[in-house]
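Structure record follows, encoded as structure tokens.
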Amino acid sequence: MKKVVCLVVVCVALAVAWFLAREKSPRMRVVAIVLFTANNVETVDGFKEGMAALGWVEGVSVRYVYPEAASDVRTLAENVRVVLAAKPDLLFASPTPAAVASRKAAAPLGIPVIFAPVNNPVSAGLMQNLARPEANVTGVGLAPSEGRRLQSLVSLRPGIRTVFVPYNPADVSALSSLEQLVQPSKELGVAIAAVPMRVHDTPEDLEKLIPNDADAVFLPRDAMAMSHYKAFNELAIRRRIPMSTPRLDQVEDGVLAGYGFIGREIGRQSASMAHQVLMGTPVSDVPVETARDFLFLNLGTAQEIGLDVPDSILRQTHYVLRPEEPQQ
């Protein structure tokens, strides 16, 4: 009888010890990643790097559900459905179209959404109060600086009169960019030739979009337009006209100039917000943050289109990409 009692006591003790150990070891969290176009892969990389720096070890304390980037709205909706089936603790969405789709689907389930970046969270319908987000969504927004970028583009080649802006009419981020250009374009005396794009436009289709009198190309904060940056850049170089993008990585890849965000840095910035939410902070207590803007310039491309950049502009530029010296 005593042996039976001892055995029961031991079993109970082991069960209690297992329960306490499990309570002390936090369960692995599931973070779903919803990405619209492969442009924002660098932002996701920065997010994961930021999470790791904050102690979220992939495969130990966090598991990522990360389907391939969507290239159209239908695939985006399917990706959201797939990741929600994994019952995530949090969704990370990039950029605006992914944030809008994620918020709509995750809201009834009470799953928080962190976005990075969104051009204008209010006009995108994500929230009304940036300081205290009323919906279950927060993240990193962009400063309303598209007018400043237009000014920097025009300053590179005085005499620009018509600026070609391709855009996706279904993307609220693109529409916000266009709105920001209205007053600055009047002050600079330039005409904005805004031309809508289609999802499946080919390089031949894109070439037909550019007006013959276009003096420059301006890619708005539009995932679809920026996904075609290589094709637009080839056309701009062929015509020997300047082109501007909001992203540093695209300037590093040959676009002449830009003023805007660094995807990896925005990803890291949003990771600290995700960390707060995963640790129990209500989303409404995590205000929307604003990404920092930088000026970018590729001098190799400037040489290719015959553009002489004055020292006064170089001194203002945060990132100057210089052509590689020829091998001796």
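None of the values given here were measured: they were computed from a predicted structure.
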Would you call [X] and [Y] a side-chain contact if the rule is heavy atoms closer than 4.5 Å?
{"X": "Val122", "Y": "Gln128", "result": "yes"}
{"X": "Tyr64", "Y": "Val30", "result": "no"}
{"X": "Arg148", "Y": "Asp293", "result": "no"}
{"X": "Val190", "Y": "Thr162", "result": "no"}
{"X": "Pro196", "Y": "Asn168", "result": "no"}
{"X": "Thr75", "Y": "Asn79", "result": "yes"}
{"X": "Tyr66", "Y": "Leu35", "result": "yes"}
{"X": "Val165", "Y": "Leu178", "result": "yes"}

Is a donor from one side chain sitting under 3.5 angstrom from an acceptor on the other, for [X] and [Y]?
{"X": "Asp253", "Y": "Tyr229", "result": "yes"}
{"X": "Gln269", "Y": "Glu289", "result": "yes"}
{"X": "Ser173", "Y": "Asp222", "result": "no"}
{"X": "Thr281", "Y": "Gln276", "result": "no"}
{"X": "Asp171", "Y": "Thr96", "result": "no"}
{"X": "Asn233", "Y": "Arg238", "result": "no"}

How long is the straight-line distance from [atom2] of [Y] back to [atom1] of [X], given to the nearest 0.5 Å?
{"X": "Ile262", "Y": "His318", "atom1": "CD1", "atom2": "NE2", "answer": "9.5 Å"}
{"X": "Leu256", "Y": "Glu304", "atom1": "CG", "atom2": "CD", "answer": "10.5 Å"}
{"X": "Ser176", "Y": "Glu146", "atom1": "OG", "atom2": "CD", "answer": "8.0 Å"}
{"X": "Thr245", "Y": "Arg247", "atom1": "OG1", "atom2": "CZ", "answer": "7.5 Å"}
{"X": "Leu175", "Y": "Gln180", "atom1": "CG", "atom2": "CD", "answer": "11.5 Å"}
{"X": "Met279", "Y": "Arg29", "atom1": "CE", "atom2": "CZ", "answer": "7.5 Å"}

Problem set entry | Gln303: partners by side-chain hydrogen bond (donor to acceptor under 3.5 Å, both in side chains), with sequence neighbours left out | none
ring-ring contact (aromatic ring centres under 6.0 Å, His included) contacts in which one or both residues fall within [range], not counting sequence neighbours:
{"range": "residues 170-223", "result": "none"}
{"range": "residues 80-108", "result": "Phe47-Phe92"}
{"range": "residues 131-152", "result": "none"}

Exercise. If you draw a 6.0 Å radius around CD in Glu68, do more than 12 non-hydrogen atoms from other residues or ligands fall strictly inside?
Worked result: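 Result for CD/Glu68: open.
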Exercise. With a cut-off of 6.0 Å (strictly less than), are more than 12 heavy atoms of other residues, nucleotides or ligands near CD of Glu179?
Worked result: no
Exercise. Under 4.5 Å between side-chain heavy atoms, hopping through other hydrophobics if needed: is there a path connecting Val283 to Met273?
Worked result: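 Yes, same cluster.
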Exercise. Does Val80 belong to the same Ile/Leu/Val/Met/Phe/Trp/Tyr cluster as Val82, with side-chain heavy atoms less than 4.5 Å apart forming each link?
Worked result: no
Is the backbone of [Y] close enough, under 3.5 Å, to the side chain of [X] for a donor and an acceptor to pair up by distance?
{"X": "Asp201", "Y": "Leu206", "result": "no"}
{"X": "Ser185", "Y": "Val182", "result": "yes"}
{"X": "Thr290", "Y": "Ala143", "result": "no"}
{"X": "Asn136", "Y": "Ala107", "result": "no"}
{"X": "Arg264", "Y": "Thr43", "result": "no"}
{"X": "Glu134", "Y": "Asn129", "result": "yes"}

Problem set entry | Pairing residues for Val195 by the side-chain contact (heavy atoms from CB on, under 4.5 Å) criterion, not counting sequence neighbours |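 With sequence neighbours excluded, Val195 shows a side-chain contact (heavy atoms from CB on, under 4.5 Å) to Phe164, Leu209, given in chain and number order.
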For this session: Mind checking side-chain contact (heavy atoms from CB on, under 4.5 Å) for Arg315 and listing every partner two or more places apart, or none if nothing turns up?
Result: Asp311, Ser312
Less than 4.0 Å between a side-chain N and a carboxylate O, is that true for [Y] and [X]?
{"X": "Arg63", "Y": "Asp89", "value": "no"}
{"X": "Glu207", "Y": "Arg239", "value": "no"}
{"X": "Arg132", "Y": "Asp285", "value": "yes"}
{"X": "Arg292", "Y": "Glu265", "value": "no"}
{"X": "Asp205", "Y": "Arg198", "value": "yes"}

Testing the basics here: between [X] and [Y], what is the closest heavy-atom pair and its distance to 0.1 Å?
{"X": "Ile160", "Y": "Ala216", "result": "CD1-CB, 3.9 Å"}
{"X": "Leu91", "Y": "Pro88", "result": "CD1-CG, 3.5 Å"}
{"X": "Ala271", "Y": "Leu54", "result": "O-CD1, 3.7 Å"}
{"X": "Met197", "Y": "Pro166", "result": "SD-CB, 3.7 Å"}
{"X": "Ala236", "Y": "Met243", "result": "CB-CB, 4.0 Å"}
{"X": "Val286", "Y": "Thr138", "result": "O-OG1, 2.8 Å"}

Exercise. Hey, do the aromatic rings of Tyr259 and Phe294 have their centres closer than 6.0 Å?
Worked result: no
